[in-house]
Structure formats: structure tokens, C-alpha cells
Chemist: 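The structure is given below, and queries will be raised subsequently.
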Amino acid sequence: MIFACQSGRLGNPMTNLIENIRGQVRCIVNNALISAIEKGELPDCEVNEIAVETPKEKEHGEFSTNIAMQLAKQVRKAPVKTAAILIANMDFTNTYISRAESAGPGFINFYLNSSWLYDTLEIISREREDYGKINIGHGKKVMVEFVSANPTGPLHMGNARGGALGDCIASVLNAAGYDVTREFYVNDAGNQIERFGISLEARYLQLLKGTDAIAFPEDGYQGEDIIDHMKNYIEQYGDKLLEADSEKRRKELVSYALPKNIERIRKGLEAYGIKYDVWFSEQSLYDSGELEETLKFLRDKDLVTEMDGAQWFKATEFGVEKDEVIIRNNGLPTYFASDIAYHRNKFYKRGFDWVINLLGADHHGHVARMKAAVSALGIDSSKLDIVIFQLVRLFKNGEVARMSKRTGRSISLDDLLEEVGRDAARFIFNTKASGSHLDFDLDLAVKQSNENPVYYVQYAHARICSMLRLIESEGISVPGAEDTDLSLLNAPEEMELIRKLAEFPDEIRISAQTLEPSRLTRYVTDVASLFHSFYNACRVKGEEESIMKARLVLVSATQIVIKNVLSILSISAPERM
RNA sequence: GUGCCUGUAGCUCAGCUGGAUAGAGCAACGGACUUCUAAUCCGUAGGCCGGGGGUUCGAAUCCCUCCAGGCACGCCA
């Protein structure tokens, strides 16, 4: 079934001009198809979606469609013929499209009137810091839970990648019109806290009675930070726990060290540019009874079975390979049990429409069972997205530097920020897609040279600021786009740059839909590159006034876009370098 | 052994839901500063898209299989 449709011209504020024009192309094709069918030039046919894509080659126009090839079978005509018939039936009135041509095996290419580029500049200068924002989220409540590292030690490189990724996913979704909550799940209960206590206690006793007095437990946390905690504790409180019974001693030591660790994590992440809306305590699920409620819910649904003295969640009923223990034979719930309660809380207690969790690749086994658990709770599991990011391999002095929390011999987030800096770290972690393994070259990241991509982008911004400063010092300010003759911008370098600026809202759209903010670092690098080319080809200051004004609008628009992208990535946009 | 991720230029990576002649940065080579910031620009060179089958108008992209690397298969998280 095909319906006629209409196409408007200028986008409203906060819209995606490219998407609008794509809509115009769809309408034109759609209407041409109806017209051709009515005239009997083509047989009646079914079209579910008219695909509009962007050709790689400039010669192929701004947009193209493969509709003629798609219809080949149905209409029993050579695609090239169908394309010709469609083109003959097209009406471009009131659109940005100037002409359409058939090319290659049957593509129809669309060429635009350059007014769309000038309209782009008007939109940017009107929307300013809002330019790029779209509203595909419609205020939907989404939670992004990320890092959620065990508070038993410092953050490492894996957390650093997860942090940069998660924070940027959250920002992108926010720019796409979602109501986003950033959350850190604090694992302050369960087995690892137990081990944390044992480790602290062992170091405490070793410090007071000598290293040989007590063996350090096999599965304890080896990190220096554990010893440091106990040195500080002893300095402050002496040996008052020496005679206490072990359980009480561990509890006391944990309640001493745990808040310090959490605070250190919070501060580290904040220095990294990450601010959470919620720090959610695992222990609170025990205290509030939600864990019990959740287990009861599952039992009532007959989704819990007993075996070998433990209780298992029947994950196999949801297509997972094996069932999972939720209550150990010692009676204690597993991490998985509280995670189920946690997700019940996210969806039911707090009403999130969409939940995104970031997990390192070493936890990917958790995905299937968590989705199964969510289904078991009666929630559509497509509302839970788990983004798995591949692990980080750290290179220093040309060789691999291993990271491991257990041995404590890792580069922490704090070290990273000190050595590399927040901007470079965040940029580099977002240059690769989450599914790609990431080699982090410390030596390169530290370099303040053209080998380091973050400076390339920041330099473009600083350069623009410098130009505007100089021009403004002569009493000239950036004119409004509406009272400038933008059609004077017709050099290839100018057109290319504007075209790229026009893509920004669509880049946000795709980044949000694919949960891949790494698109944005590439995008902003392209913007910077086209700007540098423009800079070398065209002068602004000293040009004839009308040209200078038009170029000032372009330069200012470029600055806005670079700044907006960097702001989403929480990377600074320096005004001088 | 089973499952997930990855394999594209010398290196690090893009390539959207299958589209037209596979891209970028770095490294290499050759050029451009009396001019708004040379942390820049312009140009050259560089490829069995891991191998092999299949699906179709059309495959780096989808399916199968094999090879290589990473990760996971616990009553840890």
C-alpha cells in the first residue's frame, strides 16, 4: 500500500535537517511511484520501506535510493528502466532536491540545491549549544549503569574504558532526548566484602605481629592499598582489635576501609569527568527486604529448584545453557541473586523504561542469565541492553603491561589521569567501538603532538577562538546568519565543511541507536580536518566585507559544533593552545 | 571441548539495515610558513577485507566451515 505524502521545507528547531531531507526524498519517490502506477507505466506493487542512503562518491549526489533495483522482480523491468520512469514522474516542488539521475545498475541519485547548506548555518547559529540535540527519546526514562567496580580496591584501566564509554553513552542519549540516570552499583555486600574483610584482618595482624605470624589468605586481595588502609588504621586506633574476635574485627575493619574506598572511587571518577546521579547500595537490597521479595516471587513462579543443598534459578527455562545458583548451600545468596533483585528494583520500583548495563568482556557470561532473569520477572528483556566492551591492553615502553586487581600490580585510574590527563584518556577510549579490543599506548597518549588525535581537534577549536578574538579586537563581531549573504560561501572547502556540520544531529541519532559514542570522536576529527583545510584555503580577516561576514558565520558555526561534540564527550575545548 | 568478541594498508582503527572505484589517522616519501595559531595544510605510495564455500541483480557486510588471537565456561563477581 502506498500513500501520497507531503514534504515541508525548513526544519523546526532541534530537528535533524538531514533526516528531513531524507524524508523529502522518500516522499518524492513514493509519489512518483503512485503517479507511475496510476498512469499504467508500472504495475501495482508493494513497497515496505524506501531506503535512502548517502553515496560515498560525491559525483553520485547527496542521497540515493536503490528502489528501482528492489522492485526489479515485482515490476519485471530492468532497474535502469524503472529508474527512468520514476524520475520522469518526480516532482521536486517545495523541496531541497534540484534533480535526480539514474546511475550505475539502477540507483537513483538526488542532487540538492545548495540552500540546504546555508539553512544549516542558520539552524546552527540559532540553536547554538542546543545544535545537534534531537528528540528520538521523547523523555523516555533510561538508566545507564556503568563501572560499578568492587569497592575492594582502586579502579583500573578496564574501569577507565567502561567509565568513558558509559558516561558518553549517557550523554549521547541525553542529547537524543532521553531522560538519563547515571548509576553506580556499589557491591557492598556478599562474598567479595567477606574477602575484603579477611584481607584487611590478615594485614592488620601481620602489621602488629609480624609478617610470619599469619599467612596471607590464598584468595585475598594482594594490593598495597589494603596494607595502607591498615597502617592508617593502626596509626589512628592502635592495636585495640588485636584481642577482639575475628568476626567483630573484620566487621570493624571493613566499616573503616570500605567508605574510604568508595570515596576514593567517587573522587577518581569525578576527576575523570563522571558524575553519577545515584550510588546504589547492594546491601540496601538485603536491608529493605527486596532480595527476599524477589526470591519469593521466583519461588512462587516455580522458577527455583533445589539441588546439592543449594537453590537454583531455572535459567534453562529461558533458553540459557544451565541453571544458576542463587542461594548457596551455606544459605548465603549469590551475587546473581541480588542482581536479580536489583533489576527488579530498576524496572518496577523505579519505573525505568530502558536499562543499559556496561560490562567488561570478562563478564559476558552474565548477559544471557541476566536477560533470562529479567524475563522471569515478567519484563520484556529487550528493555535491558548489556553493552559488552572488550578489555584493554596497556602498552608502555613498547611492551604489554598487564593489569590485575588481585596482584595489585596495575595502573590505576588515578595514575592514568595523572600521566595522560582526562581529555586524552576519554578521547582515546572513545575512538574505538566497544566491541573492539583496545590497545592503549601510554607513550602515545602522553605525547603532546600530532600523533595524539585529541590535540588535533582541540587545536582546531583554539584556532577558531584565536581568529575570533583577533577579529573582535578590531571591533567586528560575528554577524547573524539571517543578515548575511551566505551564498557567497561556495568554495569546495566551505561547502564540504558545512555539509559535515549538517551531519551532526544525524550522528547523534546513530550514536544513540547503536550505543556507540565512538562515532562522535571520528565525526569531530572530520570536522576539525575540514576546518583546517578551509583555513588553509580561505582567509577570513582582510577579505572583502561581505565574504568575511559569511565566513565568520561559518567559522562560528564550526566552533559551536566542535564545542558541542566535546561537551558530550566531557572533553575540554580550550580557547588557547 | 562449548559459547561470546575480534581478524580490513607497515601500525592503530572506520566501513550504518547488504550497494557503485574499500576509507581515515599514524609511520614513509615529496612539497607549502613575510599572510587570521605549521599541534596545520597539499600531494605520492601503500590492500587475496584471515582462508574456502554458499545466499543474489550486488557481499568487507548475511549464512556455513576452517584457521588465528582474546575472553568466559565457579555454590567468585
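To find a chain, count down the sequence lines: A is the first, B the second, and so on, and within it residues start at 1.
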Chemist: For A:Lys314, look at atom NZ and say whether over 12 heavy atoms of other residues, nucleotides or ligands are found less than 6.0 Å away.
Modeler: yes

Chemist: Does RNA chain B take part in any stems of at least 3 consecutive Watson-Crick or G-U pairs (both distances under 3.5 Å), and if so, which ones?
Modeler: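 Correct response: B:1-7 with B:67-73, B:10-13 with B:23-26, B:28-32 with B:40-44, B:50-54 with B:62-66.
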
Chemist: If the C1' atom of B:C64 is compared with that of B:G25, how far apart are they to the nearest Å?
Modeler: 36 Å

Chemist: To the nearest Å, how far apart are A:His60 NE2 and B:A22 P?
Modeler: 12 Å

Chemist: Can you measure A:Glu282 atom CD to B:C76 atom P for me and round it to whole angstrom units?
Modeler: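 That distance rounds to 14 Å.
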
Chemist: What's the CD-P distance between A:Glu321 and B:G74, to the nearest Å?
Modeler: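 Value for this atom pair: 11 Å.
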
Chemist: Hey, can you pull the residues of residues 359-369 of chain A with a non-hydrogen atom under 4.0 angstrom from RNA chain B?
Modeler: A:Ala361, A:Asp362, A:His363, A:His364, A:Arg369

Chemist: Do A:His366 and A:Asn357 have side-chain atoms, one donor and one acceptor, less than 3.5 Å apart?
Modeler: no

Chemist: Restricting both atoms to N or O, compile the protein contacts to nucleotides 8-13 of chain B shorter than 3.5 Å, with distance only.
Modeler:
residue	atom	partner	partner atom	Å
B:U12	O2'	A:Lys432	NZ	2.9
B:C13	OP1	A:His437	O	2.9
B:C13	OP1	A:Asp439	N	3.4

Chemist: Check side chain to side chain contact (heavy atoms under 4.5 Å, CB included) between A:Ser199 and all other residues, then give those that pass, not counting sequence neighbours.
Modeler: A:Phe216, A:Tyr221, A:Ile226

Chemist: Would you say CD of A:Glu321 has more than 12 non-hydrogen atoms from neighbouring residues, nucleotides or ligands within 6.0 angstrom?
Modeler: no

Chemist: Scan nucleotides 54-62 of chain B against the protein and return all N/O pairs shorter than 3.5 Å with their distances rounded to 0.1 Å.
Modeler:
none

Chemist: Specify the separation, in whole Å, of atom CZ of A:Arg328 and atom C1' of B:C75.
Modeler: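 Going from A:Arg328 (CZ) to B:C75 (C1'), I get 6 Å.
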
Chemist: Rounding to an integer number of Å, can you tell me how far A:Phe110 CZ sits from B:A20 C1'?
Modeler: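 In whole Å, B:A20 C1' lies 16 Å from A:Phe110 CZ.
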
Chemist: Between protein and nucleic acid, restricted to nucleotides 41-46 of chain B and to nitrogen or oxygen atoms under 3.5 Å apart, what atom pairs and distances do you find?
Modeler:
residue	atom	partner	partner atom	Å
B:C41	OP1	A:Tyr456	OH	2.4
B:C41	O4'	A:Asn536	ND2	3.0
B:C41	O3'	A:Ser533	OG	3.4
B:C42	OP1	A:Ser533	OG	2.8

Chemist: Quick check on B:A77: is either OP1 or OP2 less than 4.0 Å from any side-chain nitrogen or oxygen of A:Tyr335?
Modeler: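 So the side-chain polar atoms of A:Tyr335 never come under 4.0 Å of the phosphate oxygens OP1 or OP2 of B:A77.
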
